[in-house]
J.: 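I am attaching a structure below and will ask some questions about it afterwards.
Count residues from 1 along the sequence. These numbers come from the heavy atoms of this one structure, side chains and all, not from hydrogens, waters or symmetry mates.
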Amino acid sequence: MFKTVKFCLISLSRHNQLQVIRNLCNKSNLFQNILIPNIQVNSNFNSSSVDFNLTNTNVPKPLSVHDTITSIQLKKRVIRKKKSLEEEEKKPGNYNVVAFATAEEYNLENLFNGLVKQNLYEVKKIDNNSDALHATAKYKVDREQREIFFFRDGSVVFWNIADLESSNVLEFLKQYEEDSYSERLVQSEYEIMNYKYFSANNKTSCIDKDGHFILSPSENDSTLTKYTFSNAMMLSVKLGIWESSLERYIDEIEFVTNDLKDGKITKLSRQGVLKKQGELFALRHYLNLSSDALDTPDFYWDNEELENLYNQVCNYFCINKRSKVMNEKINYCVALIELLSFHLSDKHHERLEWMIIALIAVEVAFEIIHYIDKYAN
């Protein structure tokens, strides 16, 4: 196997370049058992580029890209830039808020009783909202309160919660989940933000240009403000889950377009196409009917300040744009699956017609035999 290795040596003569390379090859353990059949030196602009081929017959043949990377990874969507846990450094006065989606739905009534029985958090219901729970830690670690918001949509948002504690809560939630997501999906689709407090009391809570939640210290109870931030973050995480599911669905039906393009017979059966249609309409149902991705929740109609805050955070997470893109992709998939369904229906009708023709031919054959037998005798 041949590899081309390039060194750029600035301000060295051609003779010195060759000498340095030979010394490196003789002394370095990295170049043992390697033959150097040829060395070529090329100059480019102000630097010298040295190319040489390294031969090692003991080195195994490298794996191709398709041997190490799945098609889903190759064709995965360009993910919106998100902050990571490592990027969010804990600065004085800054706290983390992290959102996860672990299932399609939580049983909030049983979860409420479970949290009360656990006796680690003080649990309350959000006023005028039966689809969310608010829990505050009974045992303080620092001055800032530790809070958790649970949403019936299968999402949880942690405010100032350490990784170990959040992992324990996620494990505790599994017994109240319906249609749980895989651990890989949960850990890959999350949102993390920083939040802090204004130094002045006359400012209202908002999200700044750097994507930080800024809370007003003048608020006696910041629960509804934190709930508004959490609600928008939860929606963004759920959208991320559905986007990932849609990309996986698109990857699974990609062979259909290739078969149609090449004029091949599709590998899907009528039952398989019906199943794919069901998956697609279920995803469309989650996006357009079960979630608040297309409209502002009714909870904010009576509070204009919270509604404006909710819309700010949704704009930051590009909720409307991402929902529109998802619907356009779903429309394309629907058209493709419908085309495939029509094609399979035509094939089925054609098969029935040939069966009818065969039955008629058999009947005609029996009539001919009967006619011959009648007049022959």
Side-chain angles (χ1 to χ4, degrees), residues 85 88-103 105-178 180-181 183 186-187 190-198 201 205 212-235 237-238 297 299 303 306 309-310 313:
L85 295 171
E88 290 296 291
E89 298 179 357
K90 199 68 174 293
K91 298 179 181 179
N94 284 14
Y95 307 95
N96 284 344
V97 50
V98 187
F100 291 97
T102 64
E105 188 174 342
Y106 290 151
N107 189 328
L108 284 189
E109 290 73 23
N110 293 341
L111 176 59
F112 181 90
N113 297 330
L115 289 171
V116 171
K117 185 177 180 180
Q118 192 184 37
N119 200 30
L120 294 177
Y121 302 93
E122 183 178 350
V123 190
K124 297 179 181 179
K125 296 181 179 180
I126 303 296
D127 296 337
N128 301 324
N129 191 340
S130 60
D131 294 331
L133 294 177
H134 175 228
T136 55
K138 291 186 177 181
Y139 308 99
K140 290 188 176 181
V141 177
D142 51 24
R143 293 180 57 186
E144 178 62 15
Q145 181 64 269
R146 306 195 318 279
E147 303 177 66
I148 307 175
F149 290 91
F150 302 95
F151 293 89
R152 190 179 297 276
D153 290 338
S155 302
V156 56
V157 182
F158 300 100
W159 290 74
N160 192 34
I161 301 290
D163 292 343
L164 179 60
E165 184 177 358
S166 63
S167 299
N168 293 334
V169 173
L170 292 177
E171 187 67 26
F172 173 77
L173 279 172
K174 290 182 178 180
Q175 55 189 312
Y176 306 104
E177 296 175 352
E178 298 179 9
S180 302
Y181 301 140
E183 187 68 22
V186 171
Q187 295 299 328
Y190 68 91
E191 292 288 356
I192 179 170
M193 304 286 286
N194 268 349
Y195 76 95
K196 56 185 178 180
Y197 293 90
F198 277 119
N201 292 331
S205 301
H212 298 139
F213 296 154
I214 314 294
L215 303 178
S216 175
S218 61
E219 297 177 351
N220 295 327
D221 186 9
S222 61
T223 300
L224 291 182
T225 302
K226 289 183 177 180
Y227 167 79
T228 303
F229 284 128
S230 302
N231 197 359
M233 283 189 69
M234 175 272 296
L235 186 56
V237 175
K238 293 293 286 187
F299 174 81
N303 195 322
L306 289 180
L309 182 60
Y310 175 81
V313 184

J.: Any side-chain heavy-atom pair from L133 and Y106 closer than 4.5 angstrom?
T.: no
J.: Within this structure, what is the NE2-NZ distance for the pair H134 and K125, rounded to the nearest 0.5 Å?
T.: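 H134 atom NE2 to K125 atom NZ measures 15.0 Å (nearest 0.5 Å).
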J.: In sequence, state the C-alpha distance, the side-chain angles, and the governing distance for V169 and I161, and then conclude on side-chain contact (heavy atoms from CB on, under 4.5 Å).
T.: CA-CA 10 Å; V169 173; I161 301 290; 5.8 Å; no
J.: If you measure from OG on S222 to CD on E147, what distance do you get to the nearest 0.5 Å?
T.: 5.5 Å
J.: If we only count heavy atoms from C-beta on, is the L215 to T225 side-chain gap below 4.5 Å?
T.: yes
J.: Count the heavy atoms belonging to other residues, nucleotides or ligands that lie under 6.0 Å from NZ of K138, then report whether that count exceeds 12.
T.: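 More than 12 within 6.0 Å, yes.
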J.: Which heavy-atom pair separates Y121 from A135 by the least distance, and what is that distance?
T.: CB-CB, 3.9 Å
J.: Nearest 0.5 Å, please: how far is CD in Q145 from CH2 in W159?
T.: 13.0 Å
J.: Hey, would you say the Y176 and F112 ring centroids sit under 6.0 Å apart?
T.: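 When the ring centroids of Y176 and F112 are compared, they turn out to be at least 6.0 Å apart.
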J.: Should Y227 and V157 count as side-chain neighbours, where that means a heavy-atom distance under 4.5 Å?
T.: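 Heavy-atom side-chain distance check fails, nothing below 4.5 Å.
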J.: If every non-hydrogen atom of M233 is compared with every non-hydrogen atom of I192, which pair is closest and at what distance?
T.: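 Where M233 meets I192 most closely, the heavy atoms are CE-N, 4.3 Å.
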J.: Any side-chain heavy atom of I126 within less than 4.5 Å of one from L224?
T.: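 Answer yes - side chains close enough.
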J.: Evaluate the side-chain contact (heavy atoms from CB on, under 4.5 Å) criterion for residues V123 and F150: first the C-alpha distance (whole Å), next the side-chain angles of each, then the deciding distance (0.1 Å), finally the verdict.
T.: CA-CA 10 Å; V123 190; F150 302 95; over 6 Å; no
J.: Do the side chains of T228 and V313 get nearer than 4.5 Å, heavy atoms only?
T.: no
J.: If I take atom CG from residue N96 and atom CG from residue N160, how far apart are they, to the nearest 0.5 angstrom?
T.: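 N96 CG to N160 CG: 8.0 Å, rounded to 0.5 Å.
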J.: Of all the heavy-atom pairs spanning A101 and Y181, show the shortest one and how long it is.
T.: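 Result for this residue pair: O-CD1, 3.4 Å.
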J.: State, to 0.1 Å, how close T223 and F149 come at their nearest heavy-atom pair, and which atoms those are.
T.: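 Nearest pair, atom of T223 first, then F149: O-CZ, 3.7 Å.
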J.: Does any N or O in the side chain of S205 come within less than 3.5 Å of the main-chain N or O of S216, such that one atom is a donor and the other an acceptor?
T.: yes
J.: Any heavy-atom pair between the side chains of F158 and R146 that's under 4.5 Å?
T.: no
J.: Parallel, tilted or perpendicular: which fits the ring planes of F213 and F229, with parallel below 30° and perpendicular above 60°?
T.: parallel
J.: Quick check: does any side chain N or O of D153 sit under 3.5 Å from a backbone N or O of S155, one acting as donor and the other as acceptor?
T.: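 Pair absent, no side-chain N/O of D153 close to backbone of S155.
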J.: Search all heavy atoms of A103 against all heavy atoms of K238 and return the closest pair with its distance.
T.: O-NZ, 3.1 Å
J.: Is any side-chain heavy atom of L111 closer than 4.5 Å to one of L108?
T.: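 Yes, at least one pair of side-chain atoms sits under 4.5 Å.
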J.: State whether E109 and R152 are salt-bridged, where the test is any N-O pair (Lys NZ or Arg NE/NH1/NH2 against Asp/Glu carboxylate O) under 4.0 Å.
T.: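 Salt bridge flag = yes for R152 with E109.
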J.: To the nearest 0.5 Å, what is the distance between OH (Y95) and CG (D142)?
T.: 6.0 Å
J.: For the CG atom of L115 and the NZ atom of K124, what is their distance to the nearest 0.5 Å?
T.: 14.5 Å
J.: Side-chain contact, heavy-atom cut-off 4.5 Å: F299 with N231?
T.: no
